[in-house]
Amino acid sequence: MQSFHGRLANQTASLMKPHLLPLGILCTLIPFVTVSGWAAEPLAEERTIIKALDYVSGERMLADVALLSSEALNGRQAGTADDERAGEYFSRQLMELAPKLPISPVAMKDSPTITVTEIAPEPALDLVFPGQSGNRTVYRVGKDYLPILDSPSVHIKAPIVFVGYGIAGGERGFDEYAGLDVNGSVVLFLRGKPEGYSGQISHADKVRMAQEKGAVAYLTATGPILSAYEIRRGLGGKPSAYYGQATVDLGGAWITTELAERIVATSDTALLSRQERLNQLSPQSHLTPVVIHLEWSTKRTPSALRNLGYLLSGSDADRREDTVLLGAHRDHFGRQAGVLFAGADDNASGTAVVLEVARAMAQAGVRPKRSILFASFTGEEQGLIGSTSYVRHPARRLDQTKAMINVDHTGIGNGRLTVGVTGLEKSLAGEAGRLAGVADQVDLFGFFPGGDHVPFKEAGVPTLTIVTGGTHSHFHQPTDRADTVNAELLIRAARYTLALTLHLANSP
């Protein structure tokens, strides 16, 4: 079957053959093509993109993903030597292109110093249920629970109190701590907020409230009734790697929905029933008869983060100061509590796509009219620290940054591409799909609420976010390994990203 490239090339050639066009159409086209040059630039752009697309290699991207998510790079936790090594790999791959692509490093201001936390191996979470006569049920880290990754060290034995969603002093007097004594206890709260609650509540708010009420630690879990966001992200009952980013020092763990159900069921009402009532803003808090033992050690080290950027200067003197920024975050969660979070889909895959776009441009000899900045951000998993720092101290003027393209999670999914667009016409993103030959596999949306594009959007820079569609079942899990990444999806994402980047860099 003839490829899209071949079909488009033939169609372009046919447009230039007068004998194939009706006389009326020919008379209409000739003045624009031969006199004003109206069609010349778009046709040249398409030929440039078609040429570059032929160099996209799934094999190279799989090799990138395999290396970045290997044991050698230990999960690329931001601020660690592993993160630095991942950055060195990104830099080395781009600088190897310099003989064919006039690319050069740009100065990036270091991000603020952060605290790198590492949970030591062999943590403990044990429960004593009623009737066990003091015998403990031992649970497995990475499967039944995960410590919240910025938790302090804990060594606690205490009763568990279920506090619903953990909200106090909320709208319409919704207070799940009312009449409840949690002093010296471990509180268990559900993630998110009740369906009927319109106010804002964050995880950090819940942790702060728990400490103010006297809790010595907390547990959190996804309820059996999933929100639309949780369904869309493919989140289920498993615990995920997570930085709580709370301003108070309270130890915590994310447990499975199944384990939360077992704890709550000791009080004669199932968690599902309690969540249904909570969604009608009916508090369901109660002391459970379950006693928990939590223990682990946390090491904390201050460290600076380093973004990386490489600039391909534009060929058009009038547009050279304009910039299209193409970026992906390289960091993940590292090795926590003895469990490796390899981060193949998140976000070795996006990093591989950015590298492959540069390689394809180099091999095709492409020189765009506007400048392109290839960026590797870090600290994304800890609250978009790297991209936020860039926006505060940009290497290229933000008012001349025509778009920020963020590539994240492009190795797993249903075969489609999901593209979020802000500050630009969606038709532009759709046109890139046509140029890449994937127009019927691209779904266009508006703003996505998470990722390195967010600080740019808030600063007024147009953004485009590219992810593979469908659920990402290994999201923030130790199962996010290279052997789960799909080469065909990487190729599709890279082709689209390449076409989009060149389209933005060359369009009038």
Side-chain angles (χ1 to χ4, degrees), residues 1 3-5 52-71 73 75-76 86 89-90 93 231-236 238 240-241 326-333 340-360 380 405-420 429 432-433 436-445 448 450-451 464-501:
M1 180 180 294
S3 68
F4 170 82
H5 302 120
L53 288 172
D54 283 334
Y55 291 100
V56 171
S57 166
E59 184 177 351
R60 280 195 302 245
M61 286 187 285
L62 284 178
D64 291 333
V65 171
L67 187 143
L68 290 168
S69 59
S70 67
E71 292 268 350
L73 289 184
R76 312 181 309 280
Y89 177 77
F90 180 86
Q93 294 299 306
I231 293 171
R232 185 171 67 251
R233 293 301 296 267
L235 302 179
K238 296 181 292 186
S240 293
L326 173 61
H329 77 90
R330 67 178 183 271
D331 64 300
H332 198 56
F333 295 106
L340 175 63
F341 292 86
D345 182 43
D346 181 19
N347 186 33
S349 67
T351 300
V353 167
V354 172
L355 289 174
E356 192 60 21
V357 167
R359 291 181 187 125
E380 192 267 359
I405 304 172
N406 181 34
V407 188
D408 204 348
H409 296 276
T410 54
I412 295 174
N414 61 8
R416 302 188 65 77
L417 295 176
T418 299
V419 181
V438 296
D440 59 346
Q441 296 158 330
V442 175
D443 299 311
L444 301 177
F445 296 91
F448 288 177
L464 299 107
T465 308
I466 302 168
V467 302
T468 43
T471 60
H472 291 245
S473 56
H474 304 290
F475 179 72
H476 289 190
Q477 300 291 321
T479 52
D480 183 9
R481 301 185 301 264
D483 59 4
T484 67
V485 168
N486 186 317
E488 183 180 342
L489 295 181
L490 287 176
I491 292 170
R492 189 165 297 154
R495 286 168 57 85
Y496 179 78
T497 304
L498 174 58
L500 177 64
T501 303

Between [X] (side chain only) and [Y] (backbone N and O only), is there a donor and an acceptor less than 3.5 Å apart?
X	Y	value
E356	S57	yes
R76	L68	yes
R495	A436	yes
D480	F475	no
Y496	I466	no

Can [X] and [Y] be counted as having a side-chain donor-acceptor contact under 3.5 angstrom?
X	Y	answer
H472	D345	yes
H329	D346	yes
S240	Q477	yes

Check this for me: does any side-chain nitrogen of one of D64 and R359 sit under 4.0 Å from a carboxylate oxygen of the other?
yes

Can a salt bridge be assigned to the pair D443 and R416 using a cut-off of 4.0 Å between side-chain N and carboxylate O?
yes

What distance do [X] atom [atom1] and [Y] atom [atom2] have between them, rounded to the nearest 0.5 Å?
X	Y	atom1	atom2	answer
L490	E59	CG	CD	12.5 Å
H409	H474	NE2	NE2	12.5 Å
Y89	T351	OH	OG1	10.0 Å
T497	L326	OG1	CG	6.5 Å
L417	L489	CG	CG	8.0 Å
L464	N406	CG	CG	10.0 Å

Side-chain contact test, heavy atoms from C-beta onward, threshold under 4.5 Å: evaluate it for I412 versus N486 and give yes or no.
no

Given side chains that start at C-beta, do those of I491 and M61 come closer than 4.5 Å, heavy atoms only?
yes

How close do [X] and [Y] get, counting heavy atoms only, and between which atoms?
X	Y	result
V357	A494	CG2-O, 4.0 Å
F448	V419	CZ-C, 4.0 Å
A344	A482	CB-N, 3.5 Å
A352	V65	CB-CG2, 4.0 Å
A429	L444	CB-CD2, 3.7 Å
A360	A52	CB-O, 3.6 Å

Report the C-alpha separation of D408 and E380 in whole Å, then their side-chain angles, then the decisive distance to 0.1 Å, and conclude whether the side chain to side chain contact (heavy atoms under 4.5 Å, CB included) test is met.
CA-CA 11 Å; D408 204 348; E380 192 267 359; 3.9 Å; yes

One pair to check against side chain to side chain donor-acceptor pair (under 3.5 Å): T410 and S349. What are the steps and the verdict?
CA-CA 6 Å; T410 54; S349 67; 3.3 Å; yes

What verdict does the side chain to side chain contact (heavy atoms under 4.5 Å, CB included) test give for L73 and L67, after you've listed the backbone C-alpha separation in whole Å, the side-chain angles of each residue and the deciding distance to 0.1 Å?
CA-CA 8 Å; L73 289 184; L67 187 143; 3.8 Å; yes

Quick one, I405 with T501, criterion side chain to side chain contact (heavy atoms under 4.5 Å, CB included). Give me CA distance, side-chain angles, the key distance, then yes/no.
CA-CA 8 Å; I405 304 172; T501 303; 3.5 Å; yes

Once ring pair (Phe, Tyr, Trp, His ring centres under 6.0 Å) is applied, do any residues pair with F333, and if so which ones, sequence neighbours excluded?
Y243, H476

